[in-house]
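Input: a single structure, listed below in C-alpha cells.
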Amino acid sequence: MTVTDAARESVASALEVDRVNSHLNPPPSYDLADHPVPTGREEVWRFTPLKRLRGLLDGEASSSALTWTTEIPAGVTLSEIDAATAREIGELAPNDRPSALAVANAASPVLLDVPADLEVEEPVVLRLHGESVDDVVWGHHVLRFGAHSKATVVLVHTGSARYSATTSVVVGDGAQVNVLTLQDWDDDAVHLGRDAIRVGRDASVRHTSISFGGDLVRLHANVEYDGPGGEAELFGLYFADEGQHLEHRLFADHTAPKTKSNVLYKGALQGQGAHTVWIGNVLIRPVAEGIETYEENRNLVLTDGCQADSVPNLEIETGEIEGAGHASATARFDDEQLFYLRSRGVSDEEARRLVLHGFFNDLIRKVGVPFLEEQITATVEDELAKNVLKGYRPATA
Amino acid sequence: MSTLEIKDLKVSVSTDDGPKEILKGVTLTIKDGETHAIMGPNGSGKSTLAYSIAGHPKYDVTGGTVTLDGEDVLAMSVDERARAGLFLAMQYPVEVPGVSVSNFMRTAKTAVDGEAPKLRTWVKDVNAAMSRMNLDATFTQRSVNEGFSGGEKKRHEIAQLELLDPKVAILDETDSGLDIDALKVVSDGVNRFREGEGKGVLLITHYTRILRYIEPDYVHVFVDGKVAEQGGPELAEQLEAEGYDKYLPAKV
Ligand SMILES: Nc1ncnc2c1ncn2[C@@H]1O[C@H](COP(=O)(O)OP(=O)(O)OP(=O)(O)O)[C@@H](O)[C@H]1O
Ligand SMILES: [Mg+2]
C-alpha cells in the first residue's frame, strides 16, 4: 500500500479512530450538551477571565447582526445558505461552547464561495461592524475555496458587540488561500471566534490573525488536512494595551501524511493589566508520517504590569516525521539594541519605535495586502504613541 | 574645532559582589585633528573607556569628567552625545532584527543633522558609502548587522562613520577580524574621515598593522584601567616587539 492510499483511508476514519488520542482539544460536536458552560478551571478556559465575557456563554438568543460592507471581486459570491448545506460543504463541527452556540443561534450561515480554478488578484474584503456591546451577535460562516482556486479574504472587525462566530475555511485540492482577520474593535468589545480550516490535498493556506482592539478577544485558528501535501501557515500579530485580554489558540491537527504547519505569532504588550495568551497545540497523528511542523510565539513586553502567557504543546504519535519544533520567548526591549541605535543619535523613543517595528516587520511583510499592511503599521504607531502619551514607564528588568 | 578631554575618569560596573572599579583615573585629551591610539592587554578596560564615553548604561561613572569642546558629555544622554558629535564604532556591533540598514541610517542621519537628508542625494550617498566599504547595495535592505560576518559588521560601522560624519570617532578594535584587504578598505575610510576639518580619532587596537595605515599622533599604553605610558608612533613598534610585560605588576 502506498503512503497516499494509507492516508486516504485513515483520513476517512480519522475522527472516529483518533478522537480519543488528543487531550488538547475537546471532540467536535454540534450538541450543546457536549459543551457545558465552563467554570474557568478547565484547561482550555483557565486563562480566560470568564466574567468579562459578560454572559455571552449563557447563549441568549439574539437577532442582532453586525453590519457587513463588502468588496467582492467578480466570480466570487456571497450568499446565505442553510445549516444542512454548510455541513454538506464540509464545515468543521464546533469544538467548544462558543462555536457550538454560534452555530445554534446564528440566523443562517453565510457562504463566501470562490469557484474552482478561479484566481482573483483583488482581495475579498468583508468589513463587519458592531454598534454596541449591548448587542449579542452570533456568526456562522463558511469560506469555500474550490480546487485550484487562488484568493485572499480579509475580514475586518470594528465597532463593538458581544460577538461569537465560527468560520469554516474549506480549501479544495491545490488551492492557494490567504485569509486575514483584523480585530480592530472598540475598547469594550467581546469577541470569541473560531476559524477552522480544512486543507485539501496539495493546497496551501495562510491564515493571519491581527488583534488590536477589544476588551476581550479569544480566537481559535484550527487546521486539519483532507489529504497529503497540504500546507498551512498560521500567523498572528497582536498588541495588547492597558486592561486588554487577547488570547490566541492554535491547533494544527496533522491528520494526513506529508503535510506542513508553520505557526508564527508575535505580540506586544503595554500598560497595567495587558494580558495575552498564546496556546500552540500541534497533534501529529499516527497516520501523519513525513510531516513538518514548527511553531513559534514571541512577545515583547513594553512596560511593567503586563502578562504574556505562552504555551506550546506538541503531541507526537508517530516517529516518522520530517521535523517538529517549537519556540516561545517573552522579552523586554533589548538594552544593547537600544544603546546601539541611540549611539547613532536616535532618541530613546525613536529607538524603541524602530525596534518594535522591526519586531513585527517580518510578519507585516507576509500580509500581502497593501491596505492592511499600511493599517497595521499605522496602528502599531498609534499604540506606541499611547505608550508615550500616557507616560508608561518602560519595563524594567 | 573639536577637543575631547577626559580627566581622571573613574568607572565601575556592578557585579554580584558589589561595584567593581574598572577605570581607575583615566586622563587623555584629543585635540583638534589628532589621532590617538590606545593599546593594552585584554581586560585592561579599553572597551570600558569607549563605552563610558558613549554612555552605555552598564557603566557607572564614579569620578572625573569628559568634555567635548567644553560641553559636559557625562551630563548628556546616549543619543545627545552622538548628536553632539561623538561616534563609537563598536567592537561587537549589535544586531537589530527587522530594522533595515537603509531605514536605520536615514533615521540616524536625520537625528544627527536635525533634519531629514535630501532624498535625491541620500540614497546615492548611502550606496556610495557602502560600496566604498565593499558592501554591495543589497546590504541596505538587510536588517542591521543581522547575519553580517564579523568583517562586514566592522565595515558597516565605518560606512556609518563616513555618513554621519561626527567630530570625534572612537574605534574599538575595528581592525580585529579583518583580512588585509578589508583592513585597507577600513583604513581608507577612517583616513577620509580624518581629512575633514578638525576631526579627532581615538583608535583602540591590539595590533600595529592598522597604525601603518592610520598613523597616530600619540600612542597610549593602557594597563589596569589607567594610561601607563604615552608616546609617539614609535611606542607602538616597541610594544609590538616587547609586549606589555614591563607595564604589568611583577609576577611572584
Ligand atoms: N559585569 C562585569 N562584572 C565583572 N567584571 C566585568 C564586568 N564587565 C566588565 N568586566 C571586566 O572589566 C574589565 C575590562 O573589560 P573591557 O571590555 O573594558 O576590556 P578591554 O580592554 O576592552 O579588553 P579586550 O582587549 O579583550 O577587548 C575586564 O576584566 C572585564 O572582565
Ligand atoms: Mg575591548
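Since the model is a prediction, treat every value here as computed from it, not as a measurement. Order of the sequence lines fixes the chain letters, A, B, ..., with proteins taken first and strands second; residue numbering starts at 1 for each chain.
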Open item on the list: Taking atom CD as the centre, does A:E373 end up with more than 12 heavy-atom neighbours from other residues, nucleotides or ligands that are less than 6.0 angstrom away?
Closed with: yes
TODO: Identify the residues of residues 61-78 of chain B whose heavy atoms come closer than 4.5 Å to a heavy atom of chain A, ordered by number, or report 'none'.
DONE: B:S77, B:V78
Open item on the list: As a quick check of understanding, evaluate side-chain contact (heavy atoms from CB on, under 4.5 Å) for A:H357 and B:V99, giving each step before the final call.
Closed with: CA-CA 7 Å; A:H357 280 292; B:V99 178; over 6 Å; no
TODO: Can you establish whether the number of heavy atoms outside A:K150 located under 6.0 Å from its atom NZ is more than 12?
DONE: no
- [ ] Among B:L88, B:V112, B:L86, single out the residue with the greatest number of heavy-atom pairs under 4.5 Å to chain A.
- [x] B:L88
Task: Segment of A:E336 engaging chain B (4.5 angstrom heavy-atom cut-off) - done: both
Open item on the list: With a 4.5 Å cut-off on side-chain heavy atoms, are A:L354 and B:V96 touching?
Closed with: no
Open item on the list: Can you list the residues of residues 339-347 of chain A that sit under 4.5 Å from chain B, counting heavy atoms only?
Closed with: A:F339, A:Y340, A:L341, A:R342, A:S343, A:R344, A:G345, A:V346, A:S347
Task: Contacting region of B:P93 [heavy-atom separation from chain A under 4.5 Å] - done: both
Task: Heavy-atom contact with chain A under 4.5 Å, split by part of B:E95 - done: backbone
Task: More than 12 heavy atoms of other groups within 6.0 Å of B:Y92 OH - done: no
- [ ] Kindly compute the distance separating NZ (B:K58) from CG (A:D335), expressed to the nearest 0.5 Å.
- [x] 11.5 Å
Open item on the list: Suppose a student defines contact as a heavy atom less than 4.5 Å from any heavy atom of chain A. Which residues in residues 126-155 of chain B would they list?
Closed with: B:V144, B:N145
TODO: Would you please go through residues 190-201 of chain B and name the residues with a non-hydrogen atom below 4.5 Å from one of chain A, in numerical order?
DONE: none
Open item on the list: For the CG atom on A:D187, are there more than 12 heavy atoms of other groups (residues, nucleotides or ligands in this structure) within a distance under 6.0 Å?
Closed with: no
